[in-house]
Every structure is written in structure tokens, then in C-alpha cells.
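First comes the structure, then the notes that go with it.
Because the structure is a prediction, the values reported are computed rather than measured.
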Amino acid sequence: MSAPPARPSPAAPARSGTAAALAALLAACVAFQLNASMLSPALVTMARELRTDEAATGLSQTLFFTSCGMFSLFLPRFSDIAGRKRVLQGMLAVLVAGSVLAALAPNIVVLGLARVVQGVTGPVVQIALLMLRAQVTDRRRLGALMGVVTAVNGGVAGIDALAGGWLAGAHGFRSIFWVIAVSALLALGLVGLCCRESRPSAGTPMDWPGVLPIAVGLVALLVAVEEAKHPATANWALCAGLLVLAGAAFALFRRVESRSPHPLVRIRDLRRRATWAPLLTTLLTLVGVFAVVNGVLMSLVQNEQAGFGMSAGTASLAFLTPFALVGWLVGPFTGRLAPTFGYLRLLRCGLLGSVAVLAVTAFAGVHSPPVLIACTVLLGVTYAGMANIVLNLLGVVLAPADHPGFLPGLVSAAFGLGAGLSFALLSPVQVAGSPPGSASTAGYTAAVAVGMLVVAAAWATSYLIPTPRDAEVTS
């Protein structure tokens with residue numbers, strides 16, 4: 001008589017369910033990331049097909065990222081109350097609708113509106129991380145899975161930008177939005193089938209009165225930063241007015257929150273080092289690195305007088321793709337190692353490594369394509385694969401247990417604000433030292449050096465962040 005078949009261990013179904021949930025959450029994160037990266041190479045094609053200029057299509061990108069920042073402030077907290085799976089499904093459904101609207105847009109105005117609608121998906125990664133933490137109890141495994149999800153936030157291995165350029169050239173910019181719509185629809189189905197619901201704050205009223213002032217304040221701040229990116233043509237009166245509006249909105253927000261029985265952001269939480277220290281570190285890190293990779297170096301390698309005279313496609317393939325690919329590969333290992341080696345130790349290693357790489361870039365890489373490529377790859381390890389990953393994870397593991405969606409949303413907003421401030425700070429330094437037509441690399445060296453100093457400040461600030469002991473393995 002044959003022996004009865006062995007019963008699967010209790011861990012087997014759990015692991016299988018987690019794998020399916022991870023696949024669904026990755027699909028959701030990829031659908032969002034395509035919005036952020038596939039359109040960049042297609043702006044010229046978009047301008048031509050919509051009979052407008054590149055400034056207008058560039059503004060559509062700004063509208064998308066501004067919308068992302070605004071929705072990131074409150075949707076993670078709303079998901080704690082209404083259900084993370086339900087909110088994520090709603091965001092993906094809106095993304096499908098926005099992508100279809102963009103694909104059918106008859107003019108740049110409708111396209112801009114569609115990009116604002118698509119920005120609802122801004123906090124997809126943060127909500128995905130919260131869903132994983134609710135489902136996975138093993139700290140080592142949780143760190144690895146969160147690293148996999150967060151790595152997608154830096155780009156889909158660099159393939160997305162290349163695919164966007166190819167689609168725009170072969171089938172027009174509208175094909176990109178159809179691809180995004182299909183990917184979002186697929187992700188919507190997978191999330192519905194594979195993910196569990198979690199509602200840690202079920203029954204708590206949502207603080208909608210607090211949403212309006214903080215959203216107005218952040219949008220005013222982001223628009224002011226966007227205007228300041230181009231000092232020669234900036235409307236400084238508008239910038240000043242927007243900064244005053246942002247200050248007034250934040251003051252009103254503080255007053256509303258101090259009186260609310262269920263505040264969106266508790267004032268006492270803002271005073272915690274576990275809140276302001278990671279936010280400040282995130283802001284400084286993005287200011288120091290983002291424009292270096294996506295602006296200064298891309299300008300240098302395409303500059304025929306001071307740089308290497310590469311085409312935009314070649315520059316992306318030689319620099320941006322390896323940067324994104326390396327970060328995508330290293331990220332899961334960072335997440336796996338963080339609970340045992342220490343979140344803050346990994347963060348400081350990544351930041352200190354980025355400082356060293358930026359120093360070599362500033363004084364040697366600007367003169368040598370091989371050295372610059374090597375520096376970009378190393379920055380993919382230290383920043384994209386280490387610092388960027390840990391900063392995202394800290395928003396989850398340092399959040400108050402009874403208010404888990406609050407800090408991830410603020411960290412996401414800090415990423416967006418830091419990226420904008422990076423261009424506002426470093427681009428003028430670059431242009432001042434290496435104006436158009438100049439053969440001097442002084443501006444590029446100065447801009448990267450300033451970025452290096454800002455990242456060094458982020459490294460120093462990281463020592464103010466408390467250790468997330470509840471998320472680390474001590475034995």
C-alpha cells in the first residue's frame with residue numbers, strides 16, 4: 001500500500017500567496033513607473049504630433065510629477081482607513097482612464113489634464129510597501145521583498161526609457177499611453193486576484209479638512225521650484241507669491257491639524273526625529289544627486305564644445321540605462337541585507353559612497369568618457385541601489401504603528417521636492433560656469449561638486465535618524 005502524499009507545510013501556501021502578491025504589486029509599480037520614464041524620450045515627438053513646442057510637453061511632465069506629490073500626501077493615510085487593496089485598485093483604475101484620455105488627446109491642454117489624472121498613482125510604491133509589511137512577518141524576507149518593489153521606482157532596468165523612445169519613433173507618442181493603459185489594466189486584475197486587504201485604521205474618520213491646505217501648500221512650493229529651474233527666464237514675482245501662498249497654506253494646515261480629533265498629520269509626530277530626520281536626509285540626497293545624473297551629466301555628454309558630443313539616444317544607452325539597471329539589480333540585496341546589517345549603516349555606506357563617486361566625477365569624469373561611465377555605474381550602486389532604497393524603506397519602518405501611512409506619504413513628497421530643488425540649484429551653477437557655446441567644463445565640475453557637498457550634508461544628517469529596531473534582526 002502506498003504511503004499517503006505528504007501534506008504541504010503551512011509555510012508553503014503563505015509563501016505562494018506572498019509570491020503572487022509580490023507579482024501583483026510589482027505590476028502596479030511598473031505601471032506607475034512607465035508614466036515617469038517612458039515619456040521622457042518622446043517629448044520631441046509629442047510636441048510635433050500635437051503641433052506645440054517642447055516647453056509645453058515638458059510642462060505636461062511637470063503636471064504629472066506635481067500631481068504625484070499632491071496625492072502622495074494623503075492617499076497612503078486614506079488607504080489605512082478605506083483599505084489598501086481597495087485604494088490601490090482605485091488608483092490603477094484612474095490610471096487606465098487617464099492613459100486612455102492621454103492616448104486620445106486632441107491637443108496639449110487635454111494631454112496636460114490627462115497627466116494630472118495619471119498622477120493619482122503617485123504613492124503606488126509606498127502603498128505597495130505597506131501592503132507587504134502587513135502580509136510578511138519575517139523581517140529578513142520582508143526587507144528583501146520591499147527592496148524588490150522599491151528598486152522598480154528607479155526605472156524598469158533602464159528598458160522603459162529605451163522602449164519609450166522606440167515606440168514614439170515607430171508608432172507615435174500615443175502608443176506609449178496605450179501600453180501604459182494595458183499594463184495598468186493588467187496590474188488592476190492581478191491586484192484584485194492576488195492581494196489581501198489590510199485596513200489598520202478601519203473606522204477612523206479621514207481628515208479631509210486637512211488635505212486641502214497641505215495639498216495647496218505643496219503644489220505652490222513645487223510650482224515655485226519648477227519656475228526657479230530656469231533663472232534667466234523665471235518670473236520671480238510669481239515665485240515669491242507662490243512661496244507666500246505655500247507658507248500661508250502650511251500655517252493653516254498646522255492650525256487645522258492641531259484642532260482635529262483624527263488629524264492627517266499629528267503635530268507631535270512631526271516633532272519626532274523619526275519623522276523630520278529621514279525627511280531632511282531624503283530631501284538633501286535628492287538635491288545632491290538627481291540633477292547630476294538626469295541633467296548635468298546628460299548635458300555634458302551631449303555638449304559638442306565642452307563635452308563628448310553624443311546623441312541623446314547614445315547618451316541614454318551609455319549612462320542612464322546602466323545606472324538604472326545596476327540600481328534595479330542591487331536594490332533587492334539592499335532590502336535583504338538591511339534588517340541584519342542595519343538600515344542606517346547601509347544608508348550611510350550608500351551616501352558616503354555617493355560622495356566619493358561624485359568627487360571623482362567632478363574632477364576626472366568630466367574629462368573622460370570611460371571614467372564617467374564607470375562613475376555612473378558606481379552611482380547606480382551607491383545611490384540608486386542603496387541610499388534610494390533605504391530612504392524609501394525608512395518611511396515604512398519608522399512610521400508610527402497607529403498611523404502607518406503618514407510617513408511614507410511625506411517621504412514620497414520629499415523625493416519629488418528634492419528632485420525639483422536639485423535642478424533649481426545645480427542647473428544655474430552649470431550654466432554660469434559653462435555657458436552655451438563655451439568649451440569650458442568648469443560649470444559641470446562646479447555643479448557636480450556642489451551636489452557632492454549636499455550629499456555629504458545628507459550623510460551627516462543621517463546620524464540624526466533613530467534606529468528602526470522593530471524592523472531589524474538582532475540575533
Side-chain angles (χ1 to χ4, degrees), residues 29 125-126 128-130 132-133 136 138-155 273-290 293 323-359 375-399 407-408 410-412 414-415 418 451-452 454-475:
C29 293
V125 173
Q126 285 69 32
L129 294 178
L130 291 169
L132 276 177
R133 198 180 191 201
V136 181
D138 182 83
R139 294 174 182 176
R140 291 185 179 91
R141 191 158 177 253
L142 174 62
L145 296 180
M146 290 199 301
V148 171
V149 169
T150 310
V152 176
N153 201 31
R273 282 197 300 127
T275 298
W276 62 261
L279 290 177
L280 181 57
T281 304
T282 300
L283 186 71
L284 290 172
T285 301
L286 267 291
V287 170
V289 176
F290 193 83
V293 175
F323 172 81
L325 176 60
V326 170
W328 187 70
L329 293 174
V330 174
F333 294 100
T334 296
R336 176 66 178 81
L337 192 59
T340 52
F341 184 72
Y343 285 86
L344 298 183
R345 287 179 183 172
L346 269 179
L347 173 62
R348 290 164 192 155
C349 287
L351 291 174
L352 203 56
S354 298
V355 170
V357 173
L358 289 172
C375 287
T376 306
V377 171
L378 289 174
L379 204 58
V381 175
T382 60
Y383 164 70
M386 294 177 67
N388 180 55
I389 300 295
V390 178
L391 288 169
N392 272 288
L393 299 186
L394 284 175
V396 175
V397 300
L398 287 175
L407 188 54
L410 292 184
V411 168
S412 178
F415 269 93
M452 175 194 70
V454 176
V455 177
W459 171 78
T461 304
S462 71
Y463 282 90
L464 300 173
I465 304 174
T467 302
R469 301 191 186 280
D470 291 343
E472 295 186 351
V473 179
T474 56
S475 60

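- Between T285 and V454, the closest side-chain pair of non-hydrogen atoms is not below 4.5 Å.
- In this structure, L394 and P468 have side chains that are in contact, with non-hydrogen atoms separated by less than 4.5 Å.
- At least one side-chain heavy atom of V411 sits less than 4.5 Å from a side-chain heavy atom of L279.
- Smallest separation of non-hydrogen atoms from R273 and P278: O-CD, 3.2 Å.
- No side-chain heavy atom of F415 sits under 4.5 Å from any side-chain heavy atom of F290.
- The backbone N or O of L391 sits nowhere less than 3.5 Å from a side-chain atom of T282 that would complete a donor-acceptor pair.
- Nearest approach of Y463 to W459, heavy atoms of both residues: CD1-O, 3.4 Å.
- In this structure, I389 CD1 and F333 CZ are separated by 12.5 Å, a value rounded to the nearest 0.5 Å.
- Taking the side chain as every heavy atom from C-beta outward, V289 and L286 never approach each other to under 4.5 Å.
- The shortest heavy-atom contact between V326 and G380 is CG1-C, 3.8 Å.
- Annotation: side chain of V390 is not in contact with side chain of L344 (no heavy-atom distance under 4.5 Å).
- The closest side-chain heavy-atom distance from F323 to V377 is not below 4.5 Å.
- M146 pairs in a side-chain contact (heavy atoms from CB on, under 4.5 Å) with only one of the listed residues (L142, V149, V148), which is L142.
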Report task. Report the C-alpha distance between L464 and W276 in whole Å, list the side-chain angles of each, state the deciding distance to 0.1 Å, and finish with yes or no for side-chain contact (heavy atoms from CB on, under 4.5 Å). Result -> CA-CA 9 Å; L464 300 173; W276 62 261; 3.9 Å; yes
**Report entry** side-chain contact (heavy atoms from CB on, under 4.5 Å) between M386 and L347, intermediate numbers included
**Finding:** CA-CA 6 Å; M386 294 177 67; L347 173 62; over 6 Å; no
Query - Verdict with reasoning, L379 to T382, per side-chain contact (heavy atoms from CB on, under 4.5 Å) - result: CA-CA 5 Å; L379 204 58; T382 60; 3.8 Å; yes
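- Across all non-hydrogen atoms, the minimal contact from G335 to P339 is O-CD, 3.1 Å.
- Distance alone, capped at 3.5 Å, is enough to place a donor-acceptor pair between the R133 side chain and the V396 backbone.
- Of all the heavy atoms in A128 and C29, the pair that sits closest is CB-SG, 4.1 Å.
- We find the CG-OG distance between L346 and S462 to be 12.0 Å, quoted to the nearest 0.5 Å.
- Between L130 and P408, the closest heavy-atom pair is CD2-CG, 4.2 Å.
- With T150 contributing its side chain and G147 its backbone, the two residues share no donor-acceptor pair below 3.5 Å.
- Taken to the nearest 0.5 Å, the OH atom of Y343 stands 12.0 Å off from the OG1 atom of T467.
- Side-chain contact check for S412 versus V125: every heavy-atom pair is 4.5 Å or farther apart.
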